[in-house]
S.K.: 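First the structure, then my questions, so here it is.
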Amino acid sequence: VQLQACGGGLVQPGGSLRLSCAASGRTFSNYAMGWFRQAPGKEREFVAAITWTGVSTFGSDSVKGRFTISRDNAKNTVYLQMNSLNPEDTAVYYCAARSGVVRSRTTAYDYWGQGTLVTVSS
C-alpha cells in the first residue's frame with residue numbers, strides 16, 4: 001500500500017485544517033487507517049484511527065471533540081478534520097495503514113505516508 005498525505009500548512013490558532021491520505025496499491029477497505037503526529041523533539045504519537053467499517057478511535061483527550069477521522073473507501077482516502085487548532089497541535093502528521101483492527105502503537109502499522117506538516121501559529 002502506498003500512502004500519500006496532504007493538506008498540511010500554516011494556520012492560526014483556532015483555525016481548521018483537513019488532512020487527506022490517499023492510498024493505492026491494495027484493497028483499501030481491507031485496512032485500518034491511522035493518523036499519527038510527531039512534534040519537534042518528541043516521539044511520534046497516535047492521534048486517531050478508523051476501522052474499515054468506519055469505527056473511530058482517538059489517542060488522547062486533547063484531540064477528542066476537535067478532531068474527526070473519516071474514510072471514503074470508494075476514493076481510497078482517509079481524512080483527518082482538525083478544528084480549534086492550537087500551537088500544541090503543531091507537528092508532522094503521518095497516515096498509516098495496517099490489516100486488521102486498529103492499534104495505537106506505531107510498530108503495529110505496516111505502511112506509512114511521507115507526512116504533512118501542520119503549523120499552528122499567529
Side-chain angles (χ1 to χ4, degrees):
V1 177
Q2 291 79 46
L3 303 175
Q4 181 72 36
C6 64
L10 175 64
V11 62
Q12 291 187 341
S16 299
L17 280 176
R18 188 176 79 155
L19 306 182
S20 300
C21 176
S24 62
R26 295 284 179 93
T27 304
F28 177 70
S29 59
N30 290 345
Y31 291 85
M33 301 297 297
W35 284 99
F36 293 76
R37 66 185 181 184
Q38 188 166 18
K42 295 186 177 181
E43 293 186 352
R44 193 169 298 188
E45 67 169 349
F46 173 67
V47 175
I50 188 167
T51 68
W52 68 275
T53 58
V55 178
S56 59
T57 302
F58 294 92
S60 71
D61 290 340
S62 67
V63 303
K64 290 178 182 178
R66 298 190 299 122
F67 290 11
T68 303
I69 186 171
S70 61
R71 67 190 292 163
D72 185 335
N73 289 337
K75 295 183 178 179
N76 290 352
T77 302
V78 62
Y79 305 96
L80 185 68
Q81 176 68 44
M82 305 184 295
N83 300 326
S84 301
L85 286 161
N86 58 63
E88 289 70 40
D89 296 316
T90 295
V92 177
Y93 284 72
Y94 298 89
C95 61
R98 71 180 308 274
S99 58
V101 300
V102 299
R103 289 286 186 264
S104 61
R105 293 177 293 110
T106 58
T107 54
Y109 286 77
D110 303 305
Y111 306 98
W112 290 84
Q114 84 288 1
T116 184
L117 176 62
V118 173
T119 303
V120 185
S121 175
S122 56

S.K.: Give a yes or no answer on whether the side chain of Arg18 reaches the backbone of Gln81 with a donor-acceptor pair at less than 3.5 Å.
M.R.: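 Checked: no pair found.
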S.K.: Work out which heavy atom in Gly113 is nearest to a heavy atom in Tyr94; give both atom names and the distance.
M.R.: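 Smallest heavy-atom distance, with atoms named: O-CD2, 3.6 Å.
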S.K.: Does the Arg103 side chain pair with the main chain of Ala108, one donor and one acceptor, at a distance under 3.5 Å?
M.R.: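 Not at all, since once roles are kept as given, no pair shorter than 3.5 Å links the two residues.
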S.K.: How long is the span from the CD atom in Gln38 to the OG1 atom in Thr106, to the nearest 0.5 Å?
M.R.: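 Taking CD in Gln38 and OG1 in Thr106, the distance rounds to 9.0 Å.
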S.K.: Mark yes or no for whether Arg71, through its side chain, and Thr51, through its backbone, hold a donor-acceptor pair below 3.5 Å.
M.R.: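 Yes.
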S.K.: Where is the tightest heavy-atom contact between Leu3 and Ala97, given as atom of each residue plus distance?
M.R.: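 Result for this residue pair: CD1-N, 3.8 Å.
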S.K.: State plainly whether one hydrophobic cluster holds both Tyr79 and Ile69, where clusters connect Ile, Leu, Val, Met, Phe, Trp and Tyr through side-chain heavy atoms under 4.5 angstrom apart.
M.R.: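 Shared cluster, no.
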S.K.: Does Val63 share a hydrophobic cluster with Trp35, counting links as ILVMFWY side-chain heavy atoms below 4.5 Å and allowing steps through other members?
M.R.: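 Yes, same cluster.
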S.K.: Show the nearest heavy-atom pair for residues Trp52 and Asn73, with the distance to one decimal.
M.R.: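 Smallest interatomic distance, heavy atoms only, reads O-ND2, 3.2 Å.
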S.K.: Gln114 vs Gln4, test: side chain to side chain contact (heavy atoms under 4.5 Å, CB included). Steps then yes/no.
M.R.: CA-CA 7 Å; Gln114 84 288 1; Gln4 181 72 36; 3.1 Å; yes
S.K.: Specify the closest pair of heavy atoms between Asp110 and Arg98, including all atoms of both residues, with the distance to one decimal.
M.R.: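 So the two residues come closest at OD2-CA, 3.8 Å.
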S.K.: Does a side chain donor of either Ser60 or Ser62 reach within less than 3.5 Å of an acceptor in the other side chain?
M.R.: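 Ser62 and Ser60 do have a side-chain donor-acceptor pair below 3.5 Å.
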S.K.: Begin from the C-alpha positions of Cys6 and Cys21 and carry the test disulfide bond (SG atoms under 2.5 Å apart) through to its verdict.
M.R.: CA-CA 6 Å; Cys6 64; Cys21 176; over 6 Å; no
S.K.: Provide the closest heavy-atom pair for Pro13 versus Ser121 in the form atom of the first, atom of the second, distance.
M.R.: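 That would be CD-C, 3.6 Å.
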S.K.: Do Leu80 and Val102 share a hydrophobic cluster (ILVMFWY, side-chain heavy atoms under 4.5 Å, transitive)?
M.R.: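 Different hydrophobic clusters.
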S.K.: Can you check whether Val120's main-chain N or O pairs, donor with acceptor, with Asn86's side chain at less than 3.5 Å?
M.R.: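 Checked: no pair found.
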S.K.: Tell me which one of Asp89, Val92, Leu19, Thr90 satisfies side chain to side chain contact (heavy atoms under 4.5 Å, CB included) with Val118.
M.R.: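 Exactly one option meets the side chain to side chain contact (heavy atoms under 4.5 Å, CB included) with Val118, and it is Leu19.
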S.K.: Which heavy atom of Ala23 sits nearest a heavy atom of Val1, and at what distance?
M.R.: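 The answer is CB-CG1, 4.1 Å.
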S.K.: So, taking the atom named CD in Gln12 and the one named OG in Ser122, what distance separates them when rounded to the nearest 0.5 Å?
M.R.: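 Going from CD on Gln12 over to OG on Ser122, the span is 7.0 Å.
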S.K.: Nearest 0.5 Å, what's the OH-OG distance between Tyr31 and Ser99?
M.R.: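 Here the interatomic distance stands at 6.0 Å.
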S.K.: Are Trp112 and Phe36, when compared by the centres of their aromatic rings, separated by less than 6.0 Å?
M.R.: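 Yes, the ring centres sit under 6.0 Å apart.
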S.K.: Can you tell me how far OG1 of Thr57 sits from CD1 of Ile50, rounded to the nearest 0.5 angstrom?
M.R.: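 Reported value, rounded in 0.5 Å steps: 9.0 Å.
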S.K.: Look up atom CZ in Arg105 and atom CZ in Arg44, then write down how far apart they are to the nearest 0.5 Å.
M.R.: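 Rounded to the nearest 0.5 Å, the CZ-CZ separation comes to 15.0 Å.
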S.K.: Is Phe58 reachable from Tyr109 through a run of hydrophobic residues whose side-chain heavy atoms are each under 4.5 Å from the next?
M.R.: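 No, Tyr109 and Phe58 fall in different hydrophobic clusters.
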S.K.: Can a donor-acceptor pair be found between the side chains of Asp72 and Thr77 at a distance below 3.5 Å?
M.R.: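 Note: Asp72 and Thr77 side chains miss the donor-acceptor criterion.
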S.K.: Checking the side chain of Tyr93 only, and the main-chain atoms of Val47 only, is there a donor and an acceptor separated by less than 3.5 Å?
M.R.: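 A pair under 3.5 Å: no.
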